[in-house]
There are 2 protein chains.
Amino acid sequence: MKRQDKEIYYTISDLATEFDISTRSIRFYEEKNLISPRRTEGNQRIYSRRDHVRLKLILRGKRFGYSLEEISEIIGLTDFDLDEVEQIRKTLAMGQKKIIDIRERINDLKLLEEDLVSFQGKMDERLKDLTADE
Amino acid sequence: MKRQDKEIYYTISDLATEFDISTRSIRFYEEKNLISPRRTEGNQRIYSRRDHVRLKLILRGKRFGYSLEEISEIIGLTDFDLDEVEQIRKTLAMGQKKIIDIRERINDLKLLEEDLVSFQGKMDERLKDLTADE
DNA sequence: CCTATATTTTACGTTAACGTAAATTATTAA
DNA sequence: TTAATAATTTACGTTAACGTAAAATATAGG
């Protein structure tokens with residue numbers, strides 16, 4: 001991580017280390033247009049604060065089982081050269097759906113947690129039965 | 001879905017229809033030892049209430065991005081012929097970790113939701129700016 | 001009983017998301 | 001400057017989780 005002109009920059013391995021992923025993955029996300037770092041004179045990638053944020057979002061999405069394609073629908077493509085208003089409208093609509101989706105997931109997770117806790121309870125009982133050999 | 005001797009049974013396509021997945025997937029989960037239906041005389045699979053429950057758990061797990069392998073760690077293998085006490089202890093320990101994991105996920109999801117909502121807010125503003133052309 | 005569906009096994013095909021290796025060029029540290 | 005690292009592109013390999021097709025058998029409905 002380096003500072004220059006008050007801005008923060010990262011190399012590809014900075015990010016790889018910080019997020020514990022491979023550089024290959026990072027380049028792969030770029031292939032899929034999820035991030036678009038600038039380049040140095042020598043053609044090496046430099047990641048800005050914005051790229052850093054996007055990468056964090058990508059990984060967060062992945063943890064919830066979203067595919068990269070879905071993630072790109074959520075956080076939007078990086079090439080932002082279409083009609084801006086349309087682009088924003090689309091993104092907003094998408095965002096709404098995703099928020100609803102996420103609320104559902106939160107609910108489902110709570111249910112799953114309940115299931116597991118109750119399952120734990122049953123197993124616990126069973127274990128007590130089995131080990132009560134006195 | 002059929003009843004017989006007070007028990008409920010499902011054919012493979014019953015489940016496929018109910019859960020909106022392919023029969024291939026269901027057989028695949030069986031290959032991975034996640035479910036183990038009994039068979040009719042004619043060698044066709046019959047799924048019990050227990051199989052139904054397990055399938056629901058499998059699909060729930062998948063929605064959260066768990067791999068089938070992780071899911072099998074959560075809900076346990078179907079062939080339950082090892083030392084039962086050990087088996088239960090293992091399952092309990094696993095379960096604890098998973099519950100913690102799930103609580104983390106719930107938290108993360110809430111954060112993601114916040115992010116998205118605030119992103120929506122910003123986009124909204126931007127849109128207002130752009131369309132305020134009077 | 002016969003025909004239309006369902007189901008079974010076997011086996012090869014597919015896609016997403018990287019892993020890995022090789023050859024080349026850049027950057028950093030002594 | 002030079003040797004050790006780091007990064008780049010290109011391209012083939014891998015794995016999970018099914019899809020799909022074929023050939024044979026089972027079951028259900030008229």
Side-chain angles (χ1 to χ4, degrees), chain A residues 1-4 9-48 51-52 54-75 77-78, chain B residues 1-4 9-48 51-52 54-75 77-78:
Chain A
M1 203 231 285
K2 298 207 165 158
R3 281 162 181 286
Q4 190 182 341
Y9 293 111
Y10 309 84
T11 69
I12 194 165
S13 49
D14 282 340
L15 295 183
T17 304
E18 176 175 349
F19 293 112
D20 197 33
I21 57 180
S22 70
T23 56
R24 175 68 173 92
S25 298
I26 300 178
R27 290 193 194 96
F28 185 72
Y29 301 150
E30 183 179 344
E31 271 182 55
K32 296 290 170 177
N33 276 321
L34 290 169
I35 16 177
S36 44
R38 303 219 304 287
R39 302 292 183 123
T40 65
E41 280 179 33
N43 195 40
Q44 302 200 186
R45 293 169 173 82
I46 25 176
Y47 297 85
S48 68
D51 295 318
H52 184 273
R54 290 182 69 88
L55 185 51
K56 197 190 284 185
L57 280 175
I58 293 167
L59 298 177
R60 189 172 281 165
K62 278 180 63 64
R63 294 192 51 203
F64 309 129
Y66 287 116
S67 69
L68 292 183
E69 204 174 322
E70 290 172 308
I71 292 173
S72 104
E73 283 172 3
I74 298 177
I75 68 177
L77 274 298
T78 51
Chain B
M1 203 232 287
K2 299 210 164 157
R3 282 163 181 286
Q4 190 182 342
Y9 292 112
Y10 309 84
T11 69
I12 193 164
S13 47
D14 284 340
L15 296 183
T17 304
E18 177 174 349
F19 293 113
D20 196 32
I21 56 180
S22 70
T23 56
R24 176 69 174 93
S25 297
I26 299 177
R27 292 194 193 95
F28 185 73
Y29 300 151
E30 183 179 345
E31 272 182 54
K32 296 291 172 179
N33 275 322
L34 290 169
I35 16 178
S36 44
R38 304 217 305 288
R39 300 292 183 123
T40 65
E41 284 179 29
N43 195 40
Q44 302 197 185
R45 293 170 173 82
I46 25 176
Y47 298 87
S48 68
D51 295 319
H52 185 273
R54 290 180 69 87
L55 186 51
K56 197 191 287 187
L57 280 176
I58 293 168
L59 297 178
R60 189 172 280 165
K62 278 180 62 63
R63 293 192 52 201
F64 309 131
Y66 287 115
S67 70
L68 291 182
E69 202 173 324
E70 288 172 311
I71 292 172
S72 106
E73 281 170 4
I74 299 176
I75 70 178
L77 274 297
T78 52

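It should be emphasised that the depicted structure is a prediction, and the values quoted were computed from it without experimental measurement. Below, chains carry the letters A, B, ... as their sequence lines are ordered, and counting in each starts from 1.
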(message) Tell me whether S13(A) contacts the main-chain N or O of A16(A) through its side chain, where contact means a donor paired with an acceptor under 3.5 Å.
(response) no

(request) Let me know, please, whether T40(B) or Y66(B) comes out on the 5' side of the other along DNA chain D by nearest nucleotide. (result) Y66(B)

(message) Measuring from the side chain of K62(A) (C-beta onward, heavy atoms only), which nucleotide among dC18(C), dA7(D), dT9(C) has the closest atom?
(response) dC18(C)

(request) May I ask you to decide if T17(A)'s main-chain N or O and D20(A)'s side chain share a donor-acceptor pair within less than 3.5 Å? (result) no

(message) In whole Å, I'd like the distance from the CZ atom of R39(B) to the P atom of dA6(C).
(response) 19 Å

(request) Please state how far atom CZ in F28(A) lies from atom P in dT10(D), giving the value in whole angstrom units. (result) 16 Å

(message) By nearest atom, which of the nucleotides dA6(C), dT8(D), dC18(C) is closest to the S13(B) side chain?
(response) dA6(C)

(message) Categorize T23(A) for me: base, sugar-phosphate, or nothing, with a 4.0 angstrom heavy-atom threshold over every strand shown.
(response) nothing

(message) Of the options dA17(C), dT8(C), dC18(D), whose atoms approach the side-chain atoms of Q44(B) most closely?
(response) dT8(C)

(request) State which of dT8(D), dA17(D), dA17(C) makes the closest approach to the side chain of L68(B). (result) dA17(D)

(request) Respond yes when some side-chain nitrogen or oxygen of Y29(B) is under 4.0 Å from OP1 or OP2 of dC18(D), and no when none is. (result) yes

(request) Enter the distance from E69(A):CD to E73(A):CD here, rounded to the nearest 0.5 Å. (result) 6.0 Å

(request) Flag the pair E30(B) and R39(B) as a salt bridge only when some basic side-chain nitrogen lies within less than 4.0 angstrom of an acidic carboxylate oxygen. (result) yes

(message) Of the options dA17(C), dG19(D), dG19(C), whose atoms approach the side-chain atoms of S67(A) most closely?
(response) dA17(C)

(message) Can you see if the side chain of R45(B) gets near the phosphate of dT8(C) - specifically, an N or O under 4.0 Å from OP1 or OP2?
(response) yes

(request) Measure from the side-chain heavy atoms of I12(B) and tell me the nearest of dT8(C), dA17(D), dT9(D). (result) dT8(C)

(message) What's the closest nucleotide to the side chain of R27(B) if the choices are dT8(D), dT7(C), dT20(C)?
(response) dT7(C)

(message) Please confirm whether the ring centroid of Y9(B) lies under 6.0 Å from the ring centroid of H52(B).
(response) no

(message) Can you see if the side chain of S25(B) gets near the phosphate of dG19(D) - specifically, an N or O under 4.0 Å from OP1 or OP2?
(response) yes

(request) Can you figure out which of dC18(C), dG19(D), dA17(D) approaches the side chain of S22(B) most closely? (result) dG19(D)

